Amino acid sequence: MELNKISEGKTKIVYNYDQGHVLLRFKDDITAGDGQKKDILEGKGVINAQTSAILFRLLEKSGIETHYVGMMDERTMIVKKLKMIPVEVVLRNIATGSIVKRLPIKEGEVFEPPIVEFFLKDDRLHDPLINYSHMEYFKLLNRKEAQYIEELMLKVNEVLYNFIKNKGFILYDFKLEFGRLGDKLIIGDEITLDSMRVRDEKGRIYDKDLYRKGADLNTVKNAYEYFLSKIMS
């Protein structure tokens with residue numbers, strides 16, 4: 001089957017499949033700093049595709065609609081064709097990453113309730129933080145849609161947090177992207193260790209922060225494989 005490539009990003013390639021679906025193929029590339037740092041991590045595409053599939057299926061079973069349909073092969077997902085919105089939505093349970101650099105918040109502070117933030121997808125501007133008014137100005141999301149997404153993020157968090165906790169990990173934060181399917185807003189893209197921060201009870205890192213902080217590629221791969229093995233069991 002000859003595939004028609006629609007687009008290619010830093011870690012995934014999108015191919016046409018049929019009228020209502022596309023293929024999402026996960027690459028072995030690993031990047032940080034808006035692509036300034038990059039390497040090939042052999043097998044990462046398979047790990048991330050499998051991780052995403054498990055977590056998307058978990059959300060679907062919990063009554064939360066996503067773009068996930070099934071697997072074409074071990075690194076390629078069949079997904080609903082969405083009109084993606086260039087906004088990253090981040091939910092934070094525990095403070096780490098950019099929020100402790102932007103605000104007078106200490107590393108490890110617990111957010112009760114969790115904090116939801118919106119960022120414009122723009123590598124050139126380093127994905128700036130935006131608010132409801134910005135999204136309305138750029139015609140990305142209206143206020144009602146943004147509030148709906150915030151509520152949905154809290155539901156997703158409840159499902160993911162409890163599932164991951166039962167596997168022996170703590171979900172610090174995660175990022176989701178959304179797309180339009182008719183008049184519906186649906187979760188798209190991926191849910192992987194590239195897009196969430198996961199620690200164990202001793203604070204050991206199992207996500208892409210390992211790579212950001214300079215760990216060798218083997219250490220990063222071992223962490224990704226270990227997390228996948230736990231959520232598969």
Side-chain angles (χ1 to χ4, degrees), residues 1-17 21-56 66-82 84-90 96-98 119-128 171-179 187-199 205-232:
M1 177 181 179
E2 188 172 343
L3 298 176
N4 176 31
K5 184 165 73 171
I6 298 172
S7 63
E8 182 170 355
K10 291 190 289 288
T11 60
K12 295 184 295 296
I13 306 173
V14 183
Y15 295 97
N16 254 324
Y17 185 57
H21 303 89
V22 296
L23 300 177
L24 206 58
R25 178 165 292 170
F26 289 74
K27 299 158 61 175
D28 286 343
D29 301 56
I30 185 166
T31 71
D34 299 322
Q36 295 300 307
K37 181 181 180 183
K38 54 187 176 181
D39 285 287
I40 301 296
L41 184 60
E42 187 176 349
K44 173 178 172 283
V46 173
I47 296 168
N48 276 7
Q50 298 300 317
T51 300
S52 265
I54 290 168
L55 297 179
F56 277 135
T66 77
H67 71 161
Y68 179 78
V69 174
M71 300 299 291
M72 168 67 75
D73 58 43
E74 63 182 359
R75 67 166 66 233
T76 309
M77 289 197 305
I78 305 168
V79 300
K80 298 168 190 171
K81 187 182 292 184
L82 306 180
M84 295 302 293
I85 301 164
V87 172
E88 295 179 342
V89 189
V90 176
T96 191
S98 68
F119 297 85
L120 180 66
K121 284 193 69 174
D122 189 321
D123 284 349
R124 185 177 59 87
L125 297 176
H126 307 294
D127 299 338
L171 180 62
Y172 274 50
D173 58 43
F174 65 91
K175 173 187 73 179
L176 292 180
E177 295 184 27
F178 291 80
I187 298 167
D189 197 46
E190 66 178 75
I191 313 175
T192 69
L193 292 169
D194 285 2
S195 59
M196 59 184 173
R197 288 188 173 94
V198 174
R199 311 285 192 261
I205 299 170
Y206 289 88
D207 56 75
K208 197 167 76 168
D209 271 355
L210 282 170
Y211 179 69
R212 294 185 184 101
K213 294 174 183 293
D216 64 83
L217 293 178
N218 194 53
T219 298
V220 178
K221 184 177 181 181
N222 287 343
Y224 277 47
E225 287 179 330
Y226 181 72
F227 179 78
L228 176 58
S229 72
K230 294 296 285 186
I231 66 171
M232 288 176 72

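This structure is a prediction, so every number in the text was calculated from the model and none was measured.
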Open item on the list: Tell me whether the rings of F56 and Y68 are parallel (<30°), tilted (30 to 60°) or perpendicular (>60°).
Closed with: parallel
Task: Qualifying residues under side chain to side chain donor-acceptor pair (under 3.5 Å), relative to E8, sequence neighbours excluded - done: K5, K27
Task: Main-chain N/O of L24 paired with T76 side-chain donor or acceptor, under 3.5 Å - done: no
TODO: Take N48 and T11, measure what side chain to side chain contact (heavy atoms under 4.5 Å, CB included) needs, and give me the verdict at the end.
DONE: CA-CA 10 Å; N48 276 7; T11 60; 6.0 Å; no
Task: Other residues, nucleotides, ligands: >12 heavy atoms within 6.0 Å of K38 NZ - done: no
TODO: Please identify each residue that fulfils side chain to side chain donor-acceptor pair (under 3.5 Å) with K80, with sequence neighbours left out.
DONE: E65
- [ ] Let me know which of D29, D28, D189 forms a salt bridge (Lys or Arg N to Asp or Glu O under 4.0 Å) with K12.
- [x] D189
Task: Distance in Å, E88 CD paired with L176 CG, rounded so as to fall on 0.5 Å steps - done: 10.5 Å
Open item on the list: Does the structure place the NZ or CZ of K44 under 6.0 Å from the centre of the six-membered ring of Y224, at an angle of no more than 45° from the ring's axis?
Closed with: no
- [ ] Please indicate whether K81 has more than 12 foreign heavy atoms, meaning atoms of other residues, nucleotides or ligands, lying under 6.0 Å from its NZ.
- [x] yes
- [ ] Identify the two heavy atoms, one from E74 and one from M71, that lie closest to each other, and give their separation to 0.1 Å.
- [x] O-CE, 3.9 Å
Open item on the list: For T31 versus K208, what's the shortest heavy-atom pair and its separation?
Closed with: O-NZ, 2.8 Å
TODO: With sequence neighbours excluded, tell me which residues meet side chain to side chain donor-acceptor pair (under 3.5 Å) with T192.
DONE: E190
Task: Flag, side chain of D39 to backbone of I30, donor-acceptor distance under 3.5 Å - done: no
